[in-house]
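Heads up: the structure comes next, in structure tokens.
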Protein chains: 4
Amino acid sequence: MADATDDRLRLLIERIERLEEEKKGIADDIRDVYAEAKAVGYDPKIMRQIVRLRKMKPDDRSEMEAILDTYKAALGLG
Amino acid sequence: MADATDDRLRLLIERIERLEEEKKGIADDIRDVYAEAKAVGYDPKIMRQIVRLRKMKPDDRSEMEAILDTYKAALGLG
Amino acid sequence: MADATDDRLRLLIERIERLEEEKKGIADDIRDVYAEAKAVGYDPKIMRQIVRLRKMKPDDRSEMEAILDTYKAALGLG
Amino acid sequence: MADATDDRLRLLIERIERLEEEKKGIADDIRDVYAEAKAVGYDPKIMRQIVRLRKMKPDDRSEMEAILDTYKAALGLG
DNA sequence: ACTGGCAGTCGTCTTC
DNA sequence: GAAGACGACTGCCAGT
């Protein structure tokens, strides 16, 4: 028995699955770019840090880095 | 100084950032579908389990469920 | 210069680090138990599911499983 | 029916559960320390970065920071 | 093939 | 109460 309710759920699930596939495709593309970067000598892990930093608003980033420096100084992490 | 090397890195980073944006867009869409499902009475958490189960190959799923039942029985999780 | 403020931060950090070490020790122990279980033929991944199920209140678990069955039926995931 | 096999599985599960509880206790303690630090004016998020940095071997950390600076310069993240 | 490291996902907590 | 952000955990992938 597959009534209207079943179909509604099925439709929602299928939309999600389609979107998940798309998302996976993009994620794979990202992975490829990092691999390509690594192949020409860049460090993927540090590139990820860069991406993270660039995501921040400049002022927030500056402030964060200033505090970080303070803490590092306090702990002898020069 | 922005030489060719710098540009290569910048290009790679920008490709990644563009892809990350696309990915986030898709993720937001997925979130919306779950929200819509919840609004009509479905349980999003359980829907996620369904999506996970459907991702598996049928044989693998059957086997997994069989083992799970065995373990549940062994522990009185009737 | 290491004034009182520095020391306060340092002390907090060191307490955290000590606790993190303890936590890692426990996590390693857990990993060992799963490895031991695997060595005698149990499936660690499914054991994790069992642990998750046992964490739930019995009534919540029953209800969840009932809904899950309904959804599975609706999608032909017999 | 609870034969020897069942008991072996049960025993393993129970050991895991006990360890999980301990782990959760420690995690809560860590959370408390961060909360305490925040209460006296420290930034927990940045403290976590410090903890991460201190976990690294000094040479690795220096090298990582050097590369990071290079990349930041290349991207105008002064 | 296995172990360790990393990224992505999931759940929690805080904020609005 | 819901939404958004953050941190923790699990699963996956690469390296050995």
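Order of the sequence lines fixes the chain letters, A, B, ..., with proteins taken first and strands second; residue numbering starts at 1 for each chain.
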Indicate for each nucleotide in nucleotides 11-16 of chain F, in 5' to 3' sequence, whether protein heavy atoms under 4.0 Å reach the base (B), only the sugar-phosphate (S), or nothing (-).
S-S-S-

How would you list, by chain and number, every residue that makes a salt bridge (charged side-chain N to carboxylate O under 4.0 Å, His left out) with C:E36, sequence neighbours excluded?
D:R15

Pairing residues for C:R18 by the side-chain hydrogen bond (donor to acceptor under 3.5 Å, both in side chains) criterion, not counting sequence neighbours:
none

Counting N and O atoms only, with roles assigned by atom type, does the side chain of B:Y34 sit under 3.5 Å from a partner on the main chain of A:I16, one being a donor and the other an acceptor?
no

Euclidean distance, atom CE of residue A:M64 to atom C1' of F:dA5 [Å, nearest integer]:
15 Å

Quickly work out the A:K57 NZ to F:dA5 P distance and round it to whole Å.
13 Å

Atom-pair distance (NZ on C:K23; P on F:dC9), nearest Å:
5 Å

Taking side-chain contact (heavy atoms from CB on, under 4.5 Å) as the test, write out the residues that go with D:E65, two or more places apart.
A:K72, D:L53, D:R61

Nearest-Å distance for atom pair CD1/P, residues B:I46 and E:dG11:
12 Å

Can you tell me how far C1' of E:dT12 sits from NZ of C:K55, to the nearest Å?
13 Å

What pairs with A:D59 under side-chain contact (heavy atoms from CB on, under 4.5 Å), at least two apart in sequence or on another chain?
none

Please state how far atom CG in B:D43 lies from atom P in E:dC10, giving the value in whole angstrom units.
14 Å

Using the side-chain contact (heavy atoms from CB on, under 4.5 Å) criterion, which residues pair with A:P58? Sequence neighbours excluded.
none

Rounded distance in Å - CG (D:D28) to P (F:dC9):
10 Å

